[in-house]
Asks: 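Encoded as structure tokens, here's the structure I'll be asking about.
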Amino acid sequence: MMKNLIKKWLLSLTILVGLFLVPVNVYAARGDHGVDWSKYQGANGVWGYAHDKFSISQIGGTTTGWDLYDQWTYPTQVSSTIAQNKRAHTYIWWQNVTSNSQADYVLNYFLPKIQTPKGSIVALDAELGYQNTQAIVHAIKRIKEAGYTPMVYGYKDYLVNNTDLKLLSTLCQLWLAEYPNYAVTPEPNYNYFPSFDNIGILQFTSTYVAGGLDGDIDLTGITDNGYKNGNPEKPKTHTPAIDSGIKADNTPKRDITVGYTVKVNYSATRWATGQYIPNFIKGNSYKVIQVSGNKVLLDGVMSWISKSNVEILQTEAPVQPNNSSYYTVKYGDTLSGIASRYGTTWQILQALNGLSNPNWIYPGQRLKVTGNASAQRTYTVRYGDTLSGIASRYGTTWQNLQRLNSLRNPNWIYPGQKLII
């Protein structure tokens, strides 16, 4: 018992020395806190504390190894992170991928859609279902070849029981989760450190703040990858999400006017009237209903706040002339919002533009907003439907429906899905 206590104490001491005594000019991000997000944290994500420096957002993934889904929140979470001078990274939900061909199928879909810069983390979230070490090894190699930094995420016990974790730890750094309870935990408790080789990030809680939020700490400086000295304004590569994030960050605050949508920064502390800003206000978006000097009045809270304490999310751009048939997506746009401007529906815009996922649009994308899509018929999938059954009803083939709707897997349709028929 005494030997075990001494080992735990030495381990904690080693970690703390590693975190805080290494020169910061060598490992700029070592010891930095951050968060990881999926769709449950919304379009712009949720930060725990002002000192958080990085986010890791889910781009989507698979639960069967063949069906694929996109997280509609991914591109705007990346933009929002970079707009706030923080570092953005990516992870893929990796469940029941048990062969190299499945790994290729998943990565061929997601690697081209990654919005974080080259060199940034692309982690495989392997925490459920069947896993295959060789498929993960193959994926790690693919991610490296694509120019990103691979990581494997999961709970130590699960990974040890379902993979050759020792082998994986020789190929990339691990992102492991370990926490004793669900009490609010702003700092890691190293008594529950999941001791293993080559751990790069520790997810030390799922209740970083009240209400729930994953909290992470960078143990090696790996979250600096993809950025020059950790500076998200100088990524090695540019993508639509990165560019729109930088643009939002650089938008002069004096340009804020009535009708803009803005988000209250997490660093904001007081309203212009002097009262403290409640935490539940921070990170949320509001319409500007009045402007006076260097402060703005926000709808919903009816309080004045300094322009320096908000971030522009969306401007009210004038609707293009009626004879214009295209619209260029701006930061913060949604398909339903664009449809409303043009007196149409998001289903028609989806059909006009051949969008397989109506939630996946990005700044700079050119969308057709007028045309003959209204003449196209659509069908809403019901429970128990099959593609071949729907095709039979409408006198067509399942192959034609698959092509019309850009379906990668004709066996994967779901209730509520809109299909062009």
Asks: Looking at Ala183, is its backbone amide N or carbonyl O close enough to the side chain of Thr185 to form a donor-acceptor pair, meaning the two atoms are under 3.5 Å apart?
Replies: yes

Asks: Give every donor-acceptor pair under 3.5 Å between a side-chain atom in residues 290-297 and any protein atom, sequence neighbours left out.
Replies:
none

Asks: Which atom pair, heavy atoms only, marks the closest approach of Ala103 to His138?
Replies: CB-CD2, 4.1 Å

Asks: Test side-chain contact (heavy atoms from CB on, under 4.5 Å) on Leu124 and Ile136; report intermediate values, then the result.
Replies: CA-CA 8 Å; Leu124 304 176; Ile136 296 175; 4.1 Å; yes

Asks: Considering residues at least two apart in sequence or located in another chain, which fulfil the side chain to side chain contact (heavy atoms under 4.5 Å, CB included) criterion with Asp125?
Replies: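 Checked Asp125 against side chain to side chain contact (heavy atoms under 4.5 Å, CB included); matches are Tyr91, Trp93, Glu127, Tyr153.
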
Asks: State whether Asp70 and Lys113 are salt-bridged, where the test is any N-O pair (Lys NZ or Arg NE/NH1/NH2 against Asp/Glu carboxylate O) under 4.0 Å.
Replies: yes

Asks: For Lys53, is there an ion pair with Asp218 - N to carboxylate O distance below 4.0 angstrom?
Replies: no

Asks: List for me each residue that meets ring-ring contact (aromatic ring centres under 6.0 Å, His included) alongside Trp304, sequence neighbours excluded, and say none if there are none.
Replies: none

Asks: If every non-hydrogen atom of Thr64 is compared with every non-hydrogen atom of Gln102, which pair is closest and at what distance?
Replies: O-NE2, 3.7 Å

Asks: Could I get the full list of side-chain hydrogen bond (donor to acceptor under 3.5 Å, both in side chains) partners for Gln41, not counting sequence neighbours?
Replies: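 Checked Gln41 against side-chain hydrogen bond (donor to acceptor under 3.5 Å, both in side chains); zero matches.
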
Asks: Would you please name every residue forming a side-chain hydrogen bond (donor to acceptor under 3.5 Å, both in side chains) with Gln173, sequence neighbours left out?
Replies: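 Partners of Gln173 by the side-chain hydrogen bond (donor to acceptor under 3.5 Å, both in side chains) criterion, ordered by chain and then number, come out as Thr220.
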
Asks: Just checking, any donor-acceptor pair under 3.5 angstrom between side chains of Tyr227 and Ser120?
Replies: no

Asks: Output all residues satisfying ring-ring contact (aromatic ring centres under 6.0 Å, His included) with Trp37, sequence neighbours left out; order by chain, then residue number.
Replies: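 Expected list: Trp47.
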
Asks: Sequence neighbours excluded, which residues qualify as side-chain hydrogen bond (donor to acceptor under 3.5 Å, both in side chains) partners of Tyr155?
Replies: Tyr179

Asks: Nearest 0.5 angstrom please: Thr90 OG1 to Asp36 CG, how far?
Replies: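 With rounding to 0.5 Å, OG1 (Thr90) is 12.0 Å from CG (Asp36).
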
Asks: Kindly determine whether Thr223 and Ile201 satisfy side-chain contact (heavy atoms from CB on, under 4.5 Å), including the steps that lead there.
Replies: CA-CA 9 Å; Thr223 62; Ile201 297 176; 4.0 Å; yes

Asks: Please check: side-chain N/O of Arg270 versus main-chain N/O of Gln275, any donor-acceptor pairing under 3.5 Å?
Replies: no

Asks: Is it true that Asp52 and Lys86 make a salt bridge, defined as a side-chain N closer than 4.0 Å to a carboxylate O?
Replies: no

Asks: Work out which heavy atom in Trp271 is nearest to a heavy atom in Pro278; give both atom names and the distance.
Replies: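 Shortest heavy-atom separation between Trp271 and Pro278 comes out as NE1-CD, 4.0 Å.
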
Asks: Name all pairs fulfilling the ring-ring contact (aromatic ring centres under 6.0 Å, His included) condition that reach into residues 200-223, sequence neighbours left out, sorted by first residue then second.
Replies: His33-Phe204, Tyr49-Tyr208, Phe204-Tyr208

Asks: Would a 4.5 Å heavy-atom cut-off, applied to side chains only, mark Trp175 and Val152 as touching?
Replies: no

Asks: Hey, does the side chain of His89 reach the backbone of Ile121 with a donor-acceptor pair shorter than 3.5 angstrom?
Replies: yes

Asks: Would you say that Leu298 contacts Val264 through its side chain, given a criterion of any heavy-atom pair below 4.5 Å between the two side chains?
Replies: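 Counting from C-beta outward, Leu298 and Val264 do come under 4.5 Å.
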
Asks: Just how far is it from atom CH2 of Trp66 to atom CG of Leu68, taken to the nearest 0.5 Å?
Replies: 9.5 Å

Asks: Given Ile92, which partner from the list Thr62, Ile59, Ile114 fulfils the side-chain contact (heavy atoms from CB on, under 4.5 Å) test?
Replies: Ile59

Asks: So which atom in Leu335 and which in Leu349 form the shortest heavy-atom distance, rounded to 0.1 Å?
Replies: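 Looking at all heavy atoms of both residues, the closest pair is O-CD1, 3.9 Å.
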
Asks: Do Gln58 and Tyr74 come within less than 4.5 Å of each other through their side chains, counting heavy atoms only?
Replies: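 No, side chains not in contact.
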
Asks: Asp385: what forms a salt bridge (charged side-chain N to carboxylate O under 4.0 Å, His left out) with it, not counting sequence neighbours?
Replies: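 With sequence neighbours excluded, Asp385 shows a salt bridge (charged side-chain N to carboxylate O under 4.0 Å, His left out) to Arg393, given in chain and number order.
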
Asks: Side chain of Gln131, backbone of Trp94: donor and acceptor closer than 3.5 Å?
Replies: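 Side chain of Gln131 to backbone of Trp94: a pair is present.
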
Asks: On a heavy-atom basis, which atom in Ala135 and which in Ser99 lie closest, and how many Å separate them?
Replies: CB-O, 3.7 Å

Asks: Using distance alone, with no hydrogens and no angle criterion, decide if Thr133 and Thr163 have a side-chain donor and acceptor under 3.5 Å apart.
Replies: no

Asks: Taking all heavy atoms of Ile82 and all of Ala88, pick out the closest pair and write down the distance.
Replies: CG1-CB, 4.1 Å

Asks: Rounded to the nearest 0.5 Å, what's the gap from OG1 on Thr98 to CD on Gln134? Could you check?
Replies: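 Here the rounded value is 12.5 Å.
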
Asks: Distance from Leu219 atom CG to Asp32 atom CG, nearest 0.5 Å?
Replies: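 The CG atom of Leu219 sits 11.0 Å away from the CG atom of Asp32.
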
Asks: Taking the side chain as every heavy atom from C-beta outward, state whether Asn44 and Thr81 have any pair of such atoms under 4.5 Å apart.
Replies: no

Asks: How would you list all residue pairs meeting salt bridge (Lys or Arg N to Asp or Glu O under 4.0 Å) that involve residues 208-217, not counting sequence neighbours?
Replies: none

Asks: Does any part of the side chain of Leu159, heavy atoms only, come nearer than 4.5 Å to the side chain of Leu176, both counted from C-beta?
Replies: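 Sidechains of Leu159 and Leu176: in contact.
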
Asks: Salt bridge (Lys or Arg N to Asp or Glu O under 4.0 Å): which pairs involve residues 139-168, sequence neighbours left out?
Replies: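 The answer is Asp104-Arg142, Lys166-Asp197.
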
Asks: How long is the span from the CD1 atom in Ile199 to the CD1 atom in Ile217, to the nearest 0.5 Å?
Replies: 12.5 Å

Asks: Taking Tyr130 for the side chain and Val97 for the main chain, is one N or O donor matched with an acceptor at less than 3.5 Å?
Replies: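 Here the side-chain-to-backbone pair does not exist.
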
Asks: Who passes side-chain hydrogen bond (donor to acceptor under 3.5 Å, both in side chains) against Thr63, sequence neighbours left out?
Replies: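 Partners of Thr63 by the side-chain hydrogen bond (donor to acceptor under 3.5 Å, both in side chains) criterion, ordered by chain and then number, come out as Asp67.
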
Asks: Would a 4.5 Å heavy-atom cut-off, applied to side chains only, mark Ser80 and Gln77 as touching?
Replies: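 Of all side-chain heavy-atom pairs linking Gln77 with Ser80, none is under 4.5 Å.
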
Asks: Would you say Pro194 and Leu202 make side-chain contact, with heavy atoms under 4.5 Å?
Replies: yes

Asks: Once rounded to the nearest 0.5 Å, what's the spacing between atom OH of Tyr192 and atom OG1 of Thr205?
Replies: 12.5 Å

Asks: Keeping Thr149 on the side-chain end and Gly119 on the backbone end, is there a donor-acceptor pair under 3.5 Å?
Replies: yes

Asks: Please tell me if the side chains of Lys39 and Trp72 come closer than 4.5 Å, counting only heavy atoms from C-beta onward.
Replies: yes

